[in-house]
Structures are given as structure tokens and as C-alpha cells.
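For the single chain, residues carry numbers from 1 onward in sequence order. All values derive from a computational prediction rather than experimental measurement. These numbers come from the heavy atoms of this one structure, side chains and all, not from hydrogens, waters or symmetry mates.
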Amino acid sequence: MSQLKSDFLRTLQERGFVHQISDESGLDNLFAKETVTAYIGFDPTAPSLHAGSLIQIMMLHWLQATGHRAISLMGGGTGMVGDPSFKEESRQLMTVDTIESNIASIKRVFSNYLSYGEGKTGALMINNAEWLRSLNYLEFLRDVGRHFSVNRMLSFDSVKTRLEREQSLSFLEFNYMILQAYDFVELAKRYDCRLQMGGSDQWGNIVNGIDLGHRMGTPQLYALTSPLLTTSSGAKMGKSATGAVWLNADMLSAYDFWQYWRNTEDADVSRFLKLYTTLPMDEIARLSALAGSEINEVKKILATEVTAILHGREAAEQAAETARKTFEEGGVAENLPSVDVPSSELEAGIGLLSLIVRAGLAGSNGEARRHVQGGAVRINDQAVSDERRMIGSGEITADGVIKLSLGKKKHILIRPAA
């Protein structure tokens with residue numbers, strides 16, 4: 001890449017966010033001379049985004065931090081169709097009520113990364129249902145659809161991979177890329193939005209929007225994509241052994257979120273510090289130079305910094321302290337995740353396997369049995385080998401809980417409840 005003039009592109013480049021830019025010098029000049037509006041779209045397929053979306057959210061954060069205007073576009077309209085990009089099969093269609101409920105839930109996270117409000121750099125939260133749900137189909141086909149070549153659309157990798165499988169691509173999904181392109185044009189007309197950002201799998205869709213804008217008379221539009229991230233061992237970002245790493249606190253606790261980042265592979269620590277924290281680059285360089293046992297301390301810093309942005313500094317430091325008490329002192333930390341079990345059930349006794357499943361440490365009795373047989377299960381830090389063992393009120397500690405552990409890093413407190 002050439003020497004960049006704008007703070008925004010320079011920041012993204014040095015932190016590892018840039019995969020492709022449609023016209024690097026043109027976009028750099030635009031950012032260097034004026035306040036630029038850019039957007040990223042988020043599909044409301046669940047009540048929360050997960051950690052795989054954080055790279056996109058951080059790009060919007062840096063956009064605003066370097067003096068520009070960020071739009072977080074909610075797919076209230078496109079969510080009714082579903083993005084087929086590189087999906088093995090059709091998405092389940094959602095009702096309007098489900099989509100609206102998901103958007104309301106997702107919105108809560110963004111204010112931790114962006115400052116919404118008036119002014120040149122106040123971020124905007126916009127729902128594409130505003131213009132998509134009221135479209136007249138025949139007019140849309142005539143005014144917008146005529147600009148799209150089916151031959152070209154069939155050449156996109158995201159479409160080709162689906163066509164090569166037995167699971168066909170529906171006409172509904174085929175329309176998605178037209179709707180996404182139209183979003184870019186609408187945002188350009190309504191908000192002078194000049195740039196769309198997204199993951200590298202969105203390149204074809206974004207370029208479609210640039211082309212449509214050119215044909216429909218917008219100013220020059222631009223594309224910027226980030227690399228699709230996996231961990232060094234090839235695992236997909238945002239997924240853990242126990243499921244998705246949700247961003248909403250009511251779907252994943254601050255402690256479990258902290259633990260996800262604490263368990264980062266050694267080879268990923270430096271890269272993740274650049275992408276997911278706001279620490280200065282010279283501080284990241286200093287931390288990245290540490291090796292040996294010190295890298296575990298750097299992982300704790302990574303976990304605390306990432307968690308602090310999302311859940312607040314107090315919750316992040318509380319998670320770090322909970323982990324320290326649990327792992328370094330072997331104690332029972334009050335802030336560990338917990339499960340309430342009626343006192344009457346504990347007095348009668350609960351089978352170990354069913355308790356493991358109930359605590360969310362296994363998906364079935366069979367999986368729980370394998371954990372016990374493998375020596376991974378402990379009650380109050382004591383290994384348990386008898387899969388038929390009953391757990392009851394006799395195991396309640398002086399702290400008033402039973403500590404159920406799986407391996408070294410998963411701990412659940414069983415709390416007696418009325």
C-alpha cells in the first residue's frame with residue numbers, strides 16, 4: 001500500500017483491518033479533505049450479534065474516532081430475505097415481529113462503541129425497512145433491476161458455491177444482492193454516504209452497490225473490506241466450544257466473555273490487541289514483545305480491555321478478579337456463573353450427570369458421562385470419578401454453594417434456592 005494521508009485509513013491499515021479497497025488513493029483523498037459518512041450493515045438473524053461481528057463494529061468505532069460519521073444499518077428489510085453469501089442452505093425466514101425484536105435487542109450493544117447523536121460526526125442507527133418495505137415491485141424492477149446483469153451475478157463466488165451444491169439458491173435470496181446494492185444508493189442519496197465497509201465475503205455485493213450508484217447518478221462510491229478472521233488454529237471467530245460468543249450481556253455474562261479472550265492462542269495475541277482494543281500501537285508493540293509466561297499476563301490485559309469496551313471497565317476488572325481468585329487461589333469467587341437449584345432437590349440428591357447437563361457444561365448425559373470418565377469433572381475442587389454419584393446438600397460449602405468444575409477453566413456455582 002502507498003503512504004496514506006488520512007488518519008482513518010492509516011489507523012485501519014496499521015491495525016490490520018484492511019483486506020481490499022476499491023480505489024485507495026481516491027478514498028484516502030476524500031477522507032483527508034472532508035468528513036466522510038460510511039456504513040456497515042448488520043442482519044438481525046438473532047437477538048444479539050456475536051464476537052465475529054466485533055471487527056466490523058470496531059471499524060465503525062475508528063471511523064468516528066478519526067472525525068467521521070458512522071452509520072450502523074439494521075437489516076429490517078433485507079432480514080426478511082436473508083443474505084445467501086457462502087451459506088450452505090437457505091436461512092429460515094423470520095417474521096416482522098421477530099426481526100423488530102432482534103433489532104431492538106442488538107441496538108443496545110452499539111452505544112458502547114459509537115456515540116449517537118446530532119452534529120457532523122454523530123453516529124446514526126438506521127433501519128433499511130424505511131425504504132425497502134414500501135417499495136413498489138414493478139417500479140423497482142424497472143428503475144433498479146434493469147441495471148443488473150444476471151450473467152455477472154452468477155459469476156460471484158457466493159452464488160457459485162451455492163449453485164454447485166444440491167441445495168438450490170432461491171429467487172428470494174438471489175434478490176438480496178440487488179437490495180443491498182440499493183441500500184448503498186439510498187444511503188448515498190439520503191445521508192451523503194460514500195463508503196460501505198464489510199467482511200471480505202461482501203466484496204461482490206458492495207461493488208454491485210458502487211456500480212448501481214454510478215448508473216443512478218450518485219457521487220463516486222467506495223468499498224473497503226476487512227479480512228475474514230479465523231484463529232491461528234483455524235477456528236471461526238465468535239464461536240467457542242460451548243457455542244456463540246454473544247455480545248449481549250443477557251445472553252453471555254461479562255465473565256464468560258472475558259474468559260473467551262483470556263483463552264486466545266499465543267499466536268493471535270498481538271493481532272487481537274490491534275483489532276479489538278483501543279490501546280495505542282506503541283503499547284501494543286511493547287506487550288507483543290513479551291514472551292514465555294508473561295504472555296499469559298498479556299492475554300489478561302487483552303481480555304480486560306476488550307471486555308471493558310463492551311461491558312464497562314468495572315465489569316471487566318471484576319471478571320479478571322473472579323478469574324484470579326478461581327484459578328490462582330483455588331477459591332470460590334462470588335461472581336462465577338451460577339445455577340439455582342431448589343433446596344428440596346439438593347436435600348433429596350441429584351444425579352451427577354443430570355447436574356452437569358443442568359449447569360450447561362454438557363449437552364446430554366452421554367457427554368457428561370464422557371467428561372466424568374475422562375477425569376475432567378470436580379466438585380468443590382475434588383475430582384469425581386463415579387458417574388452414578390448423587391450430589392446433595394452435604395456438598396454445600398461454607399460459602400453456601402457447590403462449585404462444579406469441568407476442566408481447569410469452566411466453573412459453575414450451584415446455589416440452593418427456595
Side-chain angles (χ1 to χ4, degrees), residues 6-9 11-12 17-18 21-23 26-27 30-31 33-45 49 53-80 83 99-100 102-135 176-199 202-203 205-210 212-213 216 218-226 247 309:
S6 64
D7 287 346
F8 175 61
L9 290 187
T11 298
L12 255 56
F17 285 96
V18 179
I21 302 177
S22 58
D23 172 6
L27 186 60
L30 186 68
F31 270 108
K33 73 183 185 198
E34 61 183 83
T35 302
V36 178
T37 299
Y39 89 99
I40 296 177
F42 298 89
D43 268 339
T45 52
L49 300 175
S53 298
L54 263 187
I55 188 168
Q56 314 301 336
I57 298 172
M58 289 301 293
M59 288 165 78
L60 291 176
H61 166 82
W62 287 115
L63 179 76
Q64 187 173 48
T66 53
H68 301 279
R69 187 167 68 157
I71 294 176
S72 45
L73 182 71
M74 296 289 106
T78 42
M80 297 180 73
D83 184 359
I99 291 169
E100 294 301 328
N102 286 351
I103 288 175
S105 181
I106 287 168
K107 278 182 176 180
R108 299 201 299 267
V109 161
F110 280 91
S111 57
N112 298 307
Y113 298 87
L114 295 169
S115 176
Y116 290 91
E118 304 298 320
K120 286 178 70 175
T121 63
L124 301 172
M125 175 80 72
I126 296 168
N127 187 338
N128 65 13
E130 282 180 31
W131 54 83
L132 291 182
R133 286 192 192 161
S134 60
L135 283 175
Y176 184 91
M177 62 182 78
I178 300 177
L179 296 176
Q180 184 173 331
Y182 184 66
D183 279 348
F184 201 174
V185 173
E186 278 292 322
L187 289 170
K189 288 180 176 177
R190 293 173 181 228
Y191 302 98
D192 191 30
C193 182
R194 303 289 297 277
L195 169 66
Q196 183 182 354
M197 301 185 290
Q202 293 297 316
W203 180 257
N205 287 341
I206 300 174
V207 170
N208 253 342
I210 294 174
L212 181 63
M216 295 185 73
T218 67
Q220 179 61 54
L221 304 179
Y222 299 90
L224 189 159
T225 57
S226 60
L247 301 185
I309 302 175

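One N or O on the side chain of R194 and one on the backbone of Q220 form a donor-acceptor pair closer than 3.5 Å. Within the 3.5 Å criterion, the main-chain N or O of V36 finds a donor-acceptor partner in the side chain of H68. With hydrogens and angles ignored, the 3.5 Å screen pairs no side-chain donor or acceptor of R69 with any backbone N or O of L124. Of the possible donor and acceptor atoms, one in the side chain of N128 sits under 3.5 Å from a partner among the backbone N and O of G77.
R108 and A104 make their closest contact through CG-O, 3.8 Å (heavy atoms, listed as atom of the first residue, atom of the second, distance). Contact detail for L63 and A38: the closest heavy-atom pair is CD2-CB, 3.7 Å. Scanning all heavy atoms of the two residues, the minimum distance from G75 to P44 falls at O-CD, 3.3 Å. Across every non-hydrogen atom of A70 and L114, the tightest pair is CB-CD2, 4.0 Å. The minimum heavy-atom distance between G199 and Q56, with the atom names listed, is N-NE2, 3.4 Å. For the residue pair C193 and F184, the shortest heavy atom distance occurs at O-CE2, 4.0 Å.
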- Please walk me through it: do K189 and V185 pass side-chain contact (heavy atoms from CB on, under 4.5 Å)? CA-CA 6 Å; K189 288 180 176 177; V185 173; 3.9 Å; yes
- Check against side-chain hydrogen bond (donor to acceptor under 3.5 Å, both in side chains), W62 and D7: CA-CA 9 Å; W62 287 115; D7 287 346; over 6 Å; no
- Please test I309 against Y113 for side-chain contact (heavy atoms from CB on, under 4.5 Å), starting from the C-alpha separation and ending with a verdict. CA-CA 7 Å; I309 302 175; Y113 298 87; 3.3 Å; yes
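Side-chain polar atoms of Q202 and Q196 form no donor-acceptor pair below 3.5 angstrom.
Remark: E186 CD to L212 CG distance equals 10.0 Å, nearest 0.5 Å. Here CG of L247 is found 5.0 Å from CG of L54. Values are rounded to the nearest 0.5 Å. Note that CD1 of I71 and CD1 of I126 are 4.0 Å apart. Values are rounded to the nearest 0.5 Å. Remark: L195 CG to I40 CD1 distance equals 8.5 Å, nearest 0.5 Å. Atoms CE and CD1, from M74 and I103 in turn, are 7.0 Å apart once rounded to the nearest 0.5 Å. Rounded to the nearest 0.5 angstrom, T225 OG1 and N205 CG are separated by 11.5 Å.
Between L132 and D183 the shortest side-chain heavy-atom distance falls below 4.5 Å. Within the 4.5 Å cutoff, the side chain of Y222 has no heavy atoms near those of the I21 side chain. For the pair V109/L49, no side-chain contact is recorded, criterion being any heavy-atom separation below 4.5 Å from C-beta on. The side-chain heavy atoms of L224 and L9, taken from C-beta on, include a pair separated by under 4.5 Å. By the 4.5 Å heavy-atom criterion applied to side chains, L60 and M197 are counted as neighbours. In this structure, W131 and L187 have side chains that are in contact, with non-hydrogen atoms separated by less than 4.5 Å. With contacts defined as side-chain heavy-atom distances shorter than 4.5 Å, the pair S115/Q64 qualifies. Side-chain contact between T45 and N102 is absent, with no heavy atoms from C-beta onward closer than 4.5 Å.
Ring planes of F8 and F31: tilted class, angle from 30 to 60°.
Ring centroids of F42 and F110 are separated by less than 6.0 Å, placing the two rings close together.
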